A.B. asks: 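Provided herewith is a single structure, encoded as C-alpha coordinates, for subsequent inquiry.
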Amino acid sequence: MALRRALHFVFKVGDRTKTATFYRDVLGMKILRHEEFEEGCKATCNGPYDGKWSKTMVGFGPEDDHFVAELTYNYGVGEYQLGNDFLGLTLQSSQAVSNAKRLGWPLTEVGEALYLARAPGGYPFYLVDKEQPPSDPVQKVCLGVSDLQKSTQYWTALLGMKVMEKNEEKKTVLMGFADTQCKLELQDIGGTVDHGTAFGRIAFSCPREQLPDLEALMKKENQKILTPLVSLDTPGKATVEVVILADPDGHEICFVGDEAFRQLSMVDPKGNDLLDKAMAEDKSDEWFAKHNKQKAAA
(Lines give C-alpha, C1' and ligand atoms only; values in the text may rest on other atoms or scores of the structure.)
Protein backbone atom coordinates (compact mmCIF):
# COMPACT_ATOMS: atom_id res chain seq x y z
CA MET A 1 0.00 0.00 0.00
CA ALA A 2 2.92 2.34 -0.63
CA LEU A 3 0.59 4.26 -2.95
CA ARG A 4 -1.18 5.41 0.20
CA ARG A 5 0.45 8.13 2.25
CA ALA A 6 -0.03 9.86 5.59
CA LEU A 7 -1.00 13.51 5.08
CA HIS A 8 -2.02 15.40 8.21
CA PHE A 9 -3.79 15.47 11.55
CA VAL A 10 -6.69 17.86 12.11
CA PHE A 11 -6.65 19.93 15.32
CA LYS A 12 -9.51 22.18 16.42
CA VAL A 13 -8.11 25.42 17.80
CA GLY A 14 -9.85 28.00 19.97
CA ASP A 15 -7.08 30.63 20.03
CA ARG A 16 -5.64 31.14 16.57
CA THR A 17 -3.04 33.71 17.61
CA LYS A 18 -1.44 31.64 20.39
CA THR A 19 -1.66 28.55 18.17
CA ALA A 20 0.17 30.33 15.34
CA THR A 21 2.92 31.31 17.81
CA PHE A 22 3.36 27.68 18.88
CA TYR A 23 3.61 26.20 15.38
CA ARG A 24 5.60 29.03 13.78
CA ASP A 25 7.86 30.27 16.57
CA VAL A 26 8.24 27.25 18.85
CA LEU A 27 8.13 24.30 16.46
CA GLY A 28 9.55 26.26 13.53
CA MET A 29 6.90 25.14 11.03
CA LYS A 30 5.80 27.19 8.02
CA ILE A 31 2.29 28.24 7.04
CA LEU A 32 1.72 26.25 3.85
CA ARG A 33 -1.75 27.58 3.00
CA HIS A 34 -4.67 29.34 4.67
CA GLU A 35 -8.30 29.19 3.59
CA GLU A 36 -11.45 30.88 4.89
CA PHE A 37 -14.93 29.34 4.56
CA GLU A 38 -18.32 30.97 5.09
CA GLU A 39 -20.14 27.75 6.01
CA GLY A 40 -19.37 24.34 7.48
CA CYS A 41 -17.67 21.56 5.53
CA LYS A 42 -19.74 18.79 3.87
CA ALA A 43 -17.33 16.24 5.37
CA THR A 44 -17.34 18.01 8.79
CA CYS A 45 -13.61 18.87 8.44
CA ASN A 46 -14.20 21.66 10.99
CA GLY A 47 -16.26 19.44 13.31
CA PRO A 48 -20.06 19.50 13.77
CA TYR A 49 -20.31 23.26 13.19
CA ASP A 50 -22.05 24.98 10.30
CA GLY A 51 -20.80 28.55 10.61
CA LYS A 52 -17.78 30.52 9.39
CA TRP A 53 -14.44 28.74 9.88
CA SER A 54 -10.86 28.69 8.65
CA LYS A 55 -8.31 26.05 7.78
CA THR A 56 -4.55 26.59 8.15
CA MET A 57 -2.04 23.97 7.00
CA VAL A 58 1.31 24.12 8.83
CA GLY A 59 4.36 21.92 8.44
CA PHE A 60 8.12 21.70 7.97
CA GLY A 61 7.76 21.52 4.19
CA PRO A 62 5.37 20.86 1.29
CA GLU A 63 2.47 18.48 1.87
CA ASP A 64 3.73 16.26 -0.96
CA ASP A 65 6.44 14.83 1.29
CA HIS A 66 5.76 16.09 4.83
CA PHE A 67 3.17 15.15 7.44
CA VAL A 68 1.53 18.42 8.49
CA ALA A 69 -1.09 19.81 10.86
CA GLU A 70 -4.47 21.12 9.74
CA LEU A 71 -5.67 23.77 12.17
CA THR A 72 -9.41 24.36 12.03
CA TYR A 73 -10.79 27.46 13.72
CA ASN A 74 -14.52 27.94 14.21
CA TYR A 75 -15.32 31.61 14.69
CA GLY A 76 -17.06 32.04 18.04
CA VAL A 77 -15.78 28.82 19.65
CA GLY A 78 -13.07 29.63 22.18
CA GLU A 79 -12.19 26.24 23.61
CA TYR A 80 -12.70 22.51 23.21
CA GLN A 81 -12.69 19.70 25.75
CA LEU A 82 -9.78 17.28 25.42
CA GLY A 83 -10.37 13.54 25.58
CA ASN A 84 -7.89 10.68 25.89
CA ASP A 85 -7.95 9.89 22.17
CA PHE A 86 -4.97 11.95 20.91
CA LEU A 87 -1.84 10.91 22.80
CA GLY A 88 0.72 13.01 20.97
CA LEU A 89 2.68 13.94 17.88
CA THR A 90 6.45 13.25 18.00
CA LEU A 91 8.96 15.29 15.99
CA GLN A 92 12.74 15.56 15.95
CA SER A 93 14.14 19.06 16.27
CA SER A 94 16.69 20.41 18.73
CA GLN A 95 15.83 23.81 17.25
CA ALA A 96 12.24 23.48 18.50
CA VAL A 97 13.53 22.61 21.98
CA SER A 98 15.81 25.66 22.04
CA ASN A 99 13.00 27.86 20.63
CA ALA A 100 10.70 26.74 23.46
CA LYS A 101 13.37 27.47 26.08
CA ARG A 102 14.15 30.88 24.58
CA LEU A 103 10.47 31.87 24.41
CA GLY A 104 9.63 30.49 27.85
CA TRP A 105 7.21 27.92 26.43
CA PRO A 106 6.66 25.24 29.13
CA LEU A 107 8.68 22.06 28.54
CA THR A 108 8.73 18.87 30.60
CA GLU A 109 11.62 16.45 30.23
CA VAL A 110 10.01 13.01 29.91
CA GLY A 111 12.95 10.89 28.73
CA GLU A 112 16.47 11.00 27.41
CA ALA A 113 16.60 13.89 24.91
CA LEU A 114 12.78 13.93 24.91
CA TYR A 115 10.55 16.84 25.95
CA LEU A 116 6.81 17.29 26.21
CA ALA A 117 5.35 20.60 25.04
CA ARG A 118 1.65 21.38 24.84
CA ALA A 119 0.05 23.32 22.03
CA PRO A 120 -2.68 25.81 23.00
CA GLY A 121 -5.74 23.73 23.84
CA GLY A 122 -3.57 21.15 25.59
CA TYR A 123 -2.53 18.94 22.67
CA PRO A 124 0.68 17.02 23.56
CA PHE A 125 3.76 17.29 21.33
CA TYR A 126 6.91 15.27 22.00
CA LEU A 127 10.14 16.97 20.91
CA VAL A 128 13.20 14.80 20.32
CA ASP A 129 16.23 16.94 21.17
CA LYS A 130 18.34 15.93 18.18
CA GLU A 131 19.27 17.76 15.01
CA GLN A 132 16.36 18.22 12.63
CA PRO A 133 16.71 15.73 9.75
CA PRO A 134 16.77 16.92 6.12
CA SER A 135 13.63 14.84 5.54
CA ASP A 136 10.38 15.31 7.47
CA PRO A 137 11.05 15.80 11.23
CA VAL A 138 7.55 14.50 12.13
CA GLN A 139 7.99 10.87 13.19
CA LYS A 140 4.65 9.62 14.49
CA VAL A 141 1.16 10.35 15.72
CA CYS A 142 -0.09 8.34 18.72
CA LEU A 143 -3.77 7.49 19.25
CA GLY A 144 -5.36 5.78 22.24
CA VAL A 145 -7.31 2.55 21.66
CA SER A 146 -9.38 0.27 23.89
CA ASP A 147 -8.48 -3.05 22.24
CA LEU A 148 -5.03 -3.07 20.64
CA GLN A 149 -5.49 -6.35 18.80
CA LYS A 150 -8.84 -5.34 17.30
CA SER A 151 -7.53 -1.92 16.24
CA THR A 152 -4.32 -3.35 14.77
CA GLN A 153 -6.43 -5.78 12.73
CA TYR A 154 -8.57 -2.89 11.42
CA TRP A 155 -5.65 -0.69 10.40
CA THR A 156 -3.66 -3.52 8.79
CA ALA A 157 -6.23 -5.90 7.27
CA LEU A 158 -8.74 -3.26 6.14
CA LEU A 159 -6.61 -0.16 5.55
CA GLY A 160 -3.41 -1.87 4.41
CA MET A 161 -0.87 -0.56 6.93
CA LYS A 162 2.09 -2.70 7.90
CA VAL A 163 3.22 -3.25 11.48
CA MET A 164 6.75 -1.99 12.09
CA GLU A 165 7.20 -2.37 15.84
CA LYS A 166 5.37 -3.86 18.80
CA ASN A 167 6.07 -2.99 22.44
CA GLU A 168 4.33 -5.37 24.86
CA GLU A 169 5.44 -3.39 27.90
CA LYS A 170 4.09 -0.06 26.69
CA LYS A 171 1.14 -1.77 24.93
CA THR A 172 1.89 0.00 21.65
CA VAL A 173 1.98 -0.95 17.98
CA LEU A 174 3.78 1.23 15.44
CA MET A 175 2.59 1.00 11.85
CA GLY A 176 2.64 2.86 8.55
CA PHE A 177 2.25 2.66 4.79
CA ALA A 178 5.98 3.19 4.14
CA ASP A 179 9.19 3.54 6.16
CA THR A 180 9.75 7.05 4.83
CA GLN A 181 6.37 8.35 6.01
CA CYS A 182 5.07 9.57 9.36
CA LYS A 183 3.95 6.51 11.37
CA LEU A 184 0.79 5.82 13.30
CA GLU A 185 1.23 4.48 16.84
CA LEU A 186 -1.69 2.86 18.64
CA GLN A 187 -1.53 2.62 22.43
CA ASP A 188 -3.88 0.51 24.53
CA ILE A 189 -5.27 2.81 27.24
CA GLY A 190 -7.03 -0.02 29.06
CA GLY A 191 -10.47 1.55 28.91
CA THR A 192 -12.98 3.47 26.82
CA VAL A 193 -11.68 6.09 24.40
CA ASP A 194 -13.16 9.52 25.11
CA HIS A 195 -12.97 11.94 22.18
CA GLY A 196 -14.14 15.02 24.11
CA THR A 197 -15.18 17.86 21.80
CA ALA A 198 -11.60 18.48 20.61
CA PHE A 199 -11.54 15.20 18.66
CA GLY A 200 -9.32 15.32 15.60
CA ARG A 201 -9.04 13.41 12.37
CA ILE A 202 -6.11 11.73 10.63
CA ALA A 203 -5.89 12.02 6.86
CA PHE A 204 -4.32 9.81 4.21
CA SER A 205 -4.33 9.88 0.43
CA CYS A 206 -4.78 7.05 -2.02
CA PRO A 207 -5.22 6.90 -5.79
CA ARG A 208 -8.68 8.29 -6.52
CA GLU A 209 -9.74 5.00 -8.14
CA GLN A 210 -9.34 3.22 -4.76
CA LEU A 211 -11.93 5.36 -2.95
CA PRO A 212 -15.08 3.50 -4.12
CA ASP A 213 -13.41 0.14 -3.38
CA LEU A 214 -12.43 1.31 0.10
CA GLU A 215 -15.98 2.40 0.81
CA ALA A 216 -17.35 -0.91 -0.52
CA LEU A 217 -14.93 -2.88 1.66
CA MET A 218 -16.05 -1.02 4.78
CA LYS A 219 -19.70 -1.67 3.95
CA LYS A 220 -18.98 -5.35 3.39
CA GLU A 221 -17.14 -5.60 6.73
CA ASN A 222 -19.90 -3.65 8.55
CA GLN A 223 -17.48 -0.90 9.53
CA LYS A 224 -18.51 2.68 10.19
CA ILE A 225 -18.54 5.16 7.28
CA LEU A 226 -19.05 8.72 8.58
CA THR A 227 -19.18 10.39 5.16
CA PRO A 228 -19.64 8.32 1.99
CA LEU A 229 -17.66 9.38 -1.10
CA VAL A 230 -18.22 13.12 -1.57
CA SER A 231 -16.61 16.00 -3.50
CA LEU A 232 -15.29 18.98 -1.53
CA ASP A 233 -14.80 22.40 -3.08
CA THR A 234 -12.24 24.99 -2.04
CA PRO A 235 -12.82 28.40 -3.69
CA GLY A 236 -10.28 28.94 -6.47
CA LYS A 237 -8.59 25.58 -5.89
CA ALA A 238 -8.90 21.92 -6.92
CA THR A 239 -11.99 19.91 -5.96
CA VAL A 240 -11.09 16.76 -4.03
CA GLU A 241 -13.01 13.57 -3.31
CA VAL A 242 -13.01 12.01 0.15
CA VAL A 243 -14.40 9.13 2.17
CA ILE A 244 -14.50 9.57 5.97
CA LEU A 245 -14.31 6.43 8.10
CA ALA A 246 -14.22 5.64 11.83
CA ASP A 247 -12.08 2.91 13.39
CA PRO A 248 -13.37 0.61 16.18
CA ASP A 249 -12.82 3.38 18.78
CA GLY A 250 -14.38 6.13 16.67
CA HIS A 251 -11.14 7.77 15.53
CA GLU A 252 -12.00 9.71 12.38
CA ILE A 253 -10.05 8.76 9.27
CA CYS A 254 -10.13 10.69 6.01
CA PHE A 255 -9.04 9.16 2.70
CA VAL A 256 -8.69 11.64 -0.15
CA GLY A 257 -7.99 11.10 -3.83
CA ASP A 258 -4.26 11.72 -4.25
CA GLU A 259 -4.19 13.27 -7.72
CA ALA A 260 -6.51 16.20 -6.95
CA PHE A 261 -5.14 16.58 -3.43
CA ARG A 262 -1.64 17.18 -4.76
CA GLN A 263 -3.06 20.13 -6.72
CA LEU A 264 -5.10 21.45 -3.78
CA SER A 265 -2.18 21.15 -1.35
CA MET A 266 0.40 23.10 -3.31
CA VAL A 267 2.18 25.60 -1.06
CA ASP A 268 0.64 29.06 -1.28
CA PRO A 269 3.37 31.71 -0.94
CA LYS A 270 0.68 34.05 0.42
CA GLY A 271 -0.42 31.58 3.14
CA ASN A 272 1.42 33.31 5.98
CA ASP A 273 0.08 36.75 5.05
CA LEU A 274 -3.45 35.39 4.62
CA LEU A 275 -3.38 33.92 8.14
CA ASP A 276 -2.00 37.15 9.64
CA LYS A 277 -4.66 39.17 7.80
CA ALA A 278 -7.46 36.86 8.99
CA MET A 279 -6.24 37.07 12.59
CA ALA A 280 -5.98 40.87 12.41
CA GLU A 281 -9.51 41.14 11.01
CA ASP A 282 -11.00 38.70 13.53
CA LYS A 283 -12.52 41.03 16.11
CA SER A 284 -14.49 38.29 17.85
CA ASP A 285 -12.39 38.43 21.05
CA GLU A 286 -12.93 42.18 21.31
CA TRP A 287 -16.65 41.82 20.63
CA PHE A 288 -17.09 39.21 23.35
CA ALA A 289 -15.04 41.27 25.84
CA LYS A 290 -17.01 44.44 25.06
CA HIS A 291 -20.29 42.63 25.69
CA ASN A 292 -18.96 40.94 28.84
CA LYS A 293 -19.45 37.56 27.27
CA GLN A 294 -17.22 34.59 26.73
CA LYS A 295 -16.76 32.62 23.54
CA ALA A 296 -18.58 29.33 23.48
CA ALA A 297 -16.81 26.36 25.02
CA ALA A 298 -17.58 23.31 22.92
Side-chain angles (χ1 to χ4, degrees), residues 1-11 27 29-30 32-33 35 43 45 55-72 86 88-92 132-143 151-152 154-165 173-186 200-215 217-218 223 225-227 229-232 234 237-247 251-268 271:
M1 289 294 180
L3 288 173
R4 296 184 178 181
R5 60 190 180 103
L7 299 177
H8 55 256
F9 194 86
V10 182
F11 296 98
L27 298 185
M29 288 183 176
K30 300 179 184 74
L32 304 171
R33 53 190 171 102
E35 293 144 9
C45 309
K55 173 201 294 184
T56 309
M57 309 303 289
V58 291
F60 287 104
E63 293 173 68
D64 268 2
D65 49 14
H66 290 75
F67 188 86
V68 309
E70 176 178 315
L71 311 176
T72 62
F86 176 76
L89 183 150
T90 301
L91 61 92
Q92 180 176 317
Q132 196 170 304
S135 55
D136 189 5
V138 179
Q139 296 179 344
K140 65 181 179 183
V141 168
C142 184
L143 301 179
S151 293
T152 302
Y154 177 92
W155 284 90
T156 55
L158 298 183
L159 296 185
M161 280 197 165
K162 62 176 181 176
V163 171
M164 292 164 177
E165 271 177 40
V173 171
L174 189 71
M175 56 183 77
F177 286 122
D179 294 335
T180 52
Q181 296 182 15
C182 172
K183 312 298 185 299
L184 172 67
E185 183 176 66
L186 302 179
R201 174 181 289 178
I202 191 163
F204 304 92
S205 71
C206 65
R208 190 262 156 226
E209 64 187 22
Q210 291 182 8
L211 290 172
D213 296 340
L214 184 60
E215 186 178 319
L217 175 64
M218 292 299 164
Q223 297 294 333
I225 299 169
L226 299 175
T227 306
L229 186 57
V230 65
S231 294
L232 301 181
T234 299
K237 295 190 179 180
T239 295
V240 297
E241 291 174 274
V242 303
V243 173
I244 313 293
L245 311 172
D247 81 351
H251 289 290
E252 295 194 2
I253 307 156
C254 171
F255 272 91
V256 58
D258 189 73
E259 300 85 346
F261 186 78
R262 284 185 187 271
Q263 293 176 40
L264 171 68
S265 63
M266 284 192 289
V267 176
D268 180 357

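The basis for the numbers below is simple: all heavy atoms, side chains too, and nothing from hydrogens, waters or symmetry mates. Only a predicted model underlies this, so the values are computations on that prediction, with no experimental measurement involved.
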A.B. asks: Just to verify, what does D258 make a side chain to side chain donor-acceptor pair (under 3.5 Å) with, not counting sequence neighbours?
C.D. replies: R5, S205, R262

A.B. asks: Does the side-chain contact (heavy atoms from CB on, under 4.5 Å) test come out yes or no for V230 and V242, once each step is laid out?
C.D. replies: CA-CA 6 Å; V230 65; V242 303; 3.7 Å; yes

A.B. asks: Please round to the nearest 0.5 Å and tell me the distance separating atom NZ of K183 and atom CE of M164.
C.D. replies: 5.0 Å

A.B. asks: Sequence neighbours left out, what passes ring pair (Phe, Tyr, Trp, His ring centres under 6.0 Å) with F86? Give chain and number order.
C.D. replies: F9, F11

A.B. asks: Once salt bridge (charged side-chain N to carboxylate O under 4.0 Å, His left out) is applied, do any residues pair with E215, and if so which ones, sequence neighbours excluded?
C.D. replies: K219

A.B. asks: Nearest 0.5 Å please: distance from the CG atom of L158 over to the CG atom of L245.
C.D. replies: 9.5 Å

A.B. asks: Of all the heavy-atom pairs spanning C206 and Q210, show the shortest one and how long it is.
C.D. replies: CB-OE1, 3.5 Å

A.B. asks: Mind running side-chain contact (heavy atoms from CB on, under 4.5 Å) on I244 and R201 for me, showing each step along the way?
C.D. replies: CA-CA 9 Å; I244 313 293; R201 174 181 289 178; 3.6 Å; yes

A.B. asks: Using 0.5 Å steps for rounding, measure from the CD1 atom of I202 to the CD1 atom of I253.
C.D. replies: 8.0 Å

A.B. asks: Roughly how far apart are M57 CE and D268 CG, rounded to 0.5 Å?
C.D. replies: 12.5 Å

A.B. asks: Rounded to the nearest 0.5 Å, what's the gap from CG on D247 to CH2 on W155? Could you check?
C.D. replies: 6.0 Å

A.B. asks: Would you say Q181's side chain and R4's backbone share a donor-acceptor pair under 3.5 angstrom?
C.D. replies: yes

A.B. asks: Who passes ring pair (Phe, Tyr, Trp, His ring centres under 6.0 Å) against F255, sequence neighbours left out?
C.D. replies: F204

A.B. asks: What is the minimum heavy-atom distance between H66 and P137, and which atoms define it?
C.D. replies: CD2-CD, 4.5 Å

A.B. asks: Should S135 and T180 count as side-chain neighbours, where that means a heavy-atom distance under 4.5 Å?
C.D. replies: no

A.B. asks: Using the side chain to side chain donor-acceptor pair (under 3.5 Å) criterion, which residues pair with H251? Sequence neighbours excluded.
C.D. replies: none

A.B. asks: Can you list the residues that meet the side chain to side chain donor-acceptor pair (under 3.5 Å) rule with T234, with sequence neighbours excluded?
C.D. replies: none

A.B. asks: With a 4.5 Å heavy-atom cut-off, do E252 and V10 have their side chains touching?
C.D. replies: no

A.B. asks: How many angstroms lie between CD in Q132 and CG in L27, if you round to the nearest 0.5 Å?
C.D. replies: 9.5 Å

A.B. asks: Can you give me the closest heavy-atom contact between T72 and C45, atom names plus distance?
C.D. replies: CG2-O, 3.7 Å

A.B. asks: What do the steps show when you test L229 against R208 for side-chain contact (heavy atoms from CB on, under 4.5 Å), and what is the final call?
C.D. replies: CA-CA 11 Å; L229 186 57; R208 190 262 156 226; 3.7 Å; yes

A.B. asks: Would you say that C182 contacts V141 through its side chain, given a criterion of any heavy-atom pair below 4.5 Å between the two side chains?
C.D. replies: yes

A.B. asks: Show, in sequence, the C-alpha distance, side-chain angles and deciding distance for D179 and K162, and conclude whether the side-chain contact (heavy atoms from CB on, under 4.5 Å) test is met.
C.D. replies: CA-CA 10 Å; D179 294 335; K162 62 176 181 176; 3.9 Å; yes

A.B. asks: Can a donor-acceptor pair be found, under 3.5 Å and without considering hydrogens, that links the side chain of E241 to the backbone of G257?
C.D. replies: no

A.B. asks: So which heavy atom on S151 is nearest to which on L186, and how close?
C.D. replies: CB-CD1, 3.8 Å

